[in-house]
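Structure, as structure tokens:
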Amino acid sequence: MDLNNLEQQRVEKLERLRTAGMEPYPRRVQRTHTTQEARRAYEAAESTESTPPTITVAGRLVSIRVMGRVAFAHLEDESGKLQLFLRRNELGEDLYTLFKKAFDLGDFVEATGPLIRTRTGEISVQATSLRMLAKALTPLPIPKEYTDEAGNLTRYSAFSDTEERYRQRYADLAVNPEVRELFRTRSRTITALRAWLDTHGYLEVETPILQPIYGGAAARPFTTHHNQLKQDLYLRISFELYLKRLLVGMFERVYEIGRDFRNEGISYKHNPEFTQLEMYCAYTDLYGMMETVEQLLSSTAQAVLGTQHIPYQGHQLDLTPPWRRLSLRDVICEGAGIDYSDFPTADALRAEMRRCGYDAAEKATWGRLVDNLLSEVEPGLIQPTFIHDYPVEISPLAKQKADDPTHVERFEIFVGGMELGNAFTELNDPFEQERRFLQQGRASAAGDDEAQPMDEDYLRALKYGMPPNGGFGLGVDRLAMLFTDRHSIREVLLYPHLRAK
RNA sequence: GGGUCGUUAGCUCAGUCCGGCAGAGCAGGGGCCUUUUAAGCCCAGGGCCACAGGUUCGAAUCCUGUACGACCCA
């Protein structure tokens, strides 16, 4: 094991503990109270003027102040911090010296004693015994903190190197309580989404992550291989085709929350694996889904944050329904200055985009170019907005509009300048679906590496009949970004993908 | 993929323009200190200056390349 000089010193303290008869990694813990329970127990005793209890707390040492024959320390557990008041006369000379010589910041310890208030009024354990629970060898970058009279907390030299925080998330979580809180918020968000769906008749299901044919989204997959079957498999890029098969099987409302994998670029809003919620509801359509999504997300905000007005990157987002609805054509017209319906071929649209100063790849299809224009407009879509009516060629699983077969019944929602989700009136006509797959095949042959492959089994399912339905997919990480006011998806992923060093 | 910036002690950072002994605070070590809370005071330590190469009498510093990251753009 590679040890630096600080770690070497702590290894010597391990021996010092053992020599003194104290096991540095004992098996049992005697905790009677969390630090929060201890404070409450003291306050309860105080209010009834009874004797405060003697308790045992356990946690990490996060501050130590030795004053000679008396010392103060703070012990932190998940519920908070509690001061330890250590006196040589109470602990005995041997144990007190052991504390001074062999206990460090970051160590997990257990302290027993009566609860008291110190002269400055802070509730503390006056330790009569002290035990090591787990010796820390590497010094944790625990910041010093200062709270002024107004209650403002200042932290000095907090562990803040972005790369190291992600590579050593355990250290980040251990020393940055706000990071722990952020992941609690993320967890509560997923719990609230699930609770809403469960109470609205949706059945939670699990579908394959390893798929012989990928589909349901425009993305390049990760490929893997099953050795015994001698078969290539793909990590799913969406759950869509498997969930919709379940509607053929007579489930009317299904959802799945899980991981999708897309072999694409990494950015502040993209990670190669990310958490997706997909839900499908029989006997509704795009417009029903708009109302469902408004309810789902505004209720989730209310449940998690207690409000539907949320601060995000300097904006005040208002999730109160109903949300603005704009057609894709109108939003691009307004935001990018191009009415794409005036340029119905890829060549014409490409020329116009270049004339207006936008990049337009030579091999991009007309639909892909429209999608590029939408990306130009996206950062300006701050308040919740449904953008609807997408070109059919970039939406191979959505049903066409009755009055305009070049467009489909599809929306994407944008909040805080990000795409948050995507929904269709799902295509359930097997012949039309087959035509769409064939068109995707031609796009693939023409060089579109995000085109979706033919899925014969999905067509077979459609031939049995799939009820009319609406479906919606939500980027859960991005919702967590909104709810925690973080600019980067990496801040809301416990272990974001990083290059190997 | 492109541009800009960054990488120095366990942590947070100076030092880089303008080349000349490797610095500070915190943390750690040795002392003093029986109610502190960024405790205080005294003393002594701690470095592959990301990596590789080049220029130079001399490189943390200038040049080239590489790795990793941050931000912006695509």
Side-chain angles (χ1 to χ4, degrees), chain A residues 2-13 16 61-76 81-93 96-97 99-107 116-127 136-149 152-168 171-172 174-176 264-270 313 353-354 357-362 364 368-369 371-373 375-376 378-379 417 486-491 496-501:
Chain A
D2 246 9
L3 297 173
N4 64 32
N5 57 336
L6 293 171
E7 293 167 333
Q8 195 53 51
Q9 283 175 347
R10 294 196 178 194
V11 169
E12 286 158 19
K13 291 176 179 184
R16 190 163 192 153
L61 285 176
V62 292
S63 72
I64 298 174
R65 295 173 296 284
V66 177
M67 324 285 304
R69 293 185 181 82
V70 62
F72 296 89
H74 276 97
L75 179 141
E76 180 173 359
K81 294 180 190 174
L82 187 65
Q83 183 168 257
L84 308 184
F85 182 34
L86 306 146
R87 303 203 324 172
R88 194 181 67 165
N89 290 355
E90 295 285 340
L91 279 177
E93 182 155 4
Y96 187 72
T97 303
F99 169 72
K100 286 201 293 183
K101 297 296 181 189
F103 283 59
D104 286 296
L105 292 179
D107 291 350
I116 58 153
R117 271 193 201 275
T118 58
R119 255 175 227 172
T120 55
E122 181 165 348
I123 298 172
S124 308
V125 185
Q126 181 163 329
L137 297 184
T138 304
L140 262 182
I142 298 172
K144 291 216 169 185
E145 297 182 344
Y146 170 69
T147 308
D148 65 19
E149 289 95 26
N152 300 311
L153 180 71
T154 310
R155 304 171 78 216
Y156 298 86
S157 306
F159 184 44
S160 60
D161 183 282
T162 313
E163 181 177 356
E164 290 310 315
R165 284 181 49 236
Y166 296 157
R167 287 192 193 278
Q168 302 188 48
D172 183 32
V175 301
N176 291 319
E264 298 181 330
I266 293 174
S267 81
Y268 73 95
K269 52 185 178 181
H270 296 91
Q313 303 295 297
M353 284 171 68
R354 288 178 175 170
Y358 299 113
D359 283 330
E362 198 55 47
R368 198 68 70 205
L369 291 171
D371 206 38
N372 292 347
L373 282 171
S375 305
E376 298 286 341
E378 180 175 350
R486 300 294 139 152
H487 174 66
S488 168
I489 194 170
R490 295 178 161 208
E491 288 291 335
H497 185 76
L498 296 173
R499 256 180 241 268
K501 229 177 167 174

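Lettering follows sequence order; numbering is per chain, from 1.
Stacking between A:Y156 and the base of B:rG25 is absent under the criterion of ring centres within 5.5 Å and planes under 30 degrees.
Closest approach to the A:D359 side chain among B:rA74, B:rU34, B:rC11 is made by B:rA74 (side chain taken as heavy atoms from C-beta onward). The side chain of A:T118 sits closest to B:rU37 out of B:rU37, B:rU12, B:rA27. Distances from the side chain of A:D161 to the nucleotides B:rU12, B:rA38, B:rG10 place B:rU12 closest. Among B:rU34, B:rG29, B:rG69, the nucleotide with an atom closest to any side-chain atom of A:D104 is B:rG29.
Within 3.5 Å, a donor on the side chain of A:T120 pairs with an acceptor on the base of B:rU36, or the reverse. Counting distance only, with no hydrogens placed and no angle test, the side-chain atoms of A:R65 and the base atoms of B:rU36 include a donor-acceptor pair under 3.5 Å. Taking only distance into account, the side chain of A:Q83 meets the base of B:rU36 through a donor-acceptor pair shorter than 3.5 Å.
A:E7 comes within 4.0 angstrom of nothing in the nucleic acid, heavy atoms only. At the heavy-atom level, A:K101 lies under 4.0 Å from the strands shown only through sugar-phosphate atoms. At the heavy-atom level, A:A71 lies nowhere under 4.0 Å from the strands shown. Among the atoms of the strands shown, only primed sugar atoms or phosphate atoms (P, OP1, OP2) are found under 4.0 Å from some heavy atom of A:K13. Using a 4.0 Å heavy-atom criterion, one finds that A:E164 contacts no nucleic acid atom at all. Heavy atoms of A:T154 sit nowhere under 4.0 angstrom from any nucleic acid atom. Across all strands shown, A:R167 has heavy atoms under 4.0 Å from sugar-phosphate atoms exclusively, and none from any base. Within the nucleic acid shown, A:L498 comes within 4.0 Å of sugar-phosphate atoms alone, with no base atom in reach, counting heavy atoms only. Among the heavy atoms of the strands lying under 4.0 Å from A:F85 is at least one base atom, whether or not backbone atoms are also near. A:R490 comes within contact range of the sugar-phosphate backbone alone, with a heavy-atom separation under 4.0 Å but no base atom that close. Heavy atoms of A:T162 sit under 4.0 angstrom from primed sugar atoms or phosphate atoms, though from no base atom. Across all strands shown, A:F159 has heavy atoms under 4.0 Å from sugar-phosphate atoms exclusively, and none from any base. The residue A:V66 sits close to a base: some heavy atom pair falls under 4.0 Å.
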A:R87 vs A:R69, side-chain contact (heavy atoms from CB on, under 4.5 Å): CA-CA, chis, key distance, verdict: CA-CA 6 Å; A:R87 303 203 324 172; A:R69 293 185 181 82; over 6 Å; no
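A 3.5 Å limit on both hydrogen-bonding distances identifies B:rU12 as the Watson-Crick or G-U partner of B:rA24. Under the Watson-Crick or G-U wobble criterion, with both distances below 3.5 Å, B:rG40 is paired with B:rC32. Using the Watson-Crick or G-U wobble rule with both distances under 3.5 Å, B:rG69 pairs with B:rC5. B:rC62 and B:rG54 make up a base pair, with Watson-Crick or G-U wobble contacts both under 3.5 Å.
Each of A:P139 and A:F72 has a nearest nucleotide on RNA chain B; the 5'-most of these lies closest to A:P139. Place A:Q9 and A:I266 on RNA chain B by their nearest nucleotides, and A:Q9 ends up nearer the 5' end.
B:rC26 atom P lies 17 Å from atom CD of A:E145, rounded to whole Å. The distance from atom CG of A:L6 to atom P of B:rC26 is 15 Å, rounded to the nearest whole Å. One atom, CD of A:E163, and another, P of B:rA70, lie 7 Å apart when rounded to the nearest Å. Residue A:L105 contributes atom CG, which lies 9 Å from atom P of B:rG29 at whole-angstrom precision. Between the NZ atom of A:K269 and the C1' atom of B:rC71 there is a distance of 15 Å, given to the nearest Å. In this entry the distance linking CG of A:N4 with C1' of B:rA9 reads 10 Å, nearest Å. The distance from atom CD of A:Q168 to atom P of B:rG69 is 15 Å, rounded to the nearest whole Å. The interatomic distance linking A:D107 (CG) with B:rG28 (P) rounds to 11 Å, in whole Å.
Here the side chain of A:Y146 pairs no donor or acceptor atom with the backbone of A:Y156 at under 3.5 angstrom. Side chain of A:S124 to backbone of A:Q126: no donor-acceptor contact under 3.5 angstrom is found. Of the possible donor and acceptor atoms, one in the side chain of A:N176 sits under 3.5 Å from a partner among the backbone N and O of A:F159.
B:rA44 and B:rG28 have their C1' atoms separated by 12 Å, with the value rounded to a whole Å. Comparing the C1' positions of B:rC48 and B:rU8 gives a spacing of 11 Å, expressed to the nearest Å. Using atom P as the reference point in both B:rC43 and B:rG65, the two lie 48 Å apart (nearest Å). Atom C1' of B:rU56 sits at a distance of 12 Å from the matching atom of B:rG20, rounded to the whole Å. Going from the C1' atom of B:rA67 to that of B:rA52 covers 10 Å, rounded to whole Å. B:rC17 and B:rC5 are spaced 15 Å apart, taking the P atom of each and rounding to whole Å. Taking the P atom of each, B:rC57 and B:rG3 are spaced 33 Å apart, rounded to whole Å. Annotation: B:rA59 and B:rG1 have their C1' atoms spaced 33 Å apart (nearest Å).
The shortest distance between the side-chain N/O atoms of A:R499 and the OP1/OP2 oxygens of B:rG69 is below 4.0 Å. The phosphate of B:rC72 (OP1 or OP2) has a side-chain N or O of A:H487 nearer than 4.0 angstrom. For the OP1/OP2 pair of B:rU37 and a distance below 4.0 Å, the side-chain nitrogens and oxygens of A:K144 include no atom meeting the criterion.
A side-chain N or O of A:H74 and one of A:E122 form a donor-acceptor pair less than 3.5 Å apart.
For the pair A:T97/A:R88, no side-chain contact is recorded, criterion being any heavy-atom separation below 4.5 Å from C-beta on. The shortest side-chain heavy-atom distance between A:E145 and A:K81 falls under the 4.5 Å cut-off. Residues A:D104 and A:I64 have side chains not in contact (no heavy-atom distance under 4.5 Å, counting atoms from C-beta outward).
Centroid-to-centroid, the aromatic rings of A:F72 and A:F85 come within less than 6.0 Å.
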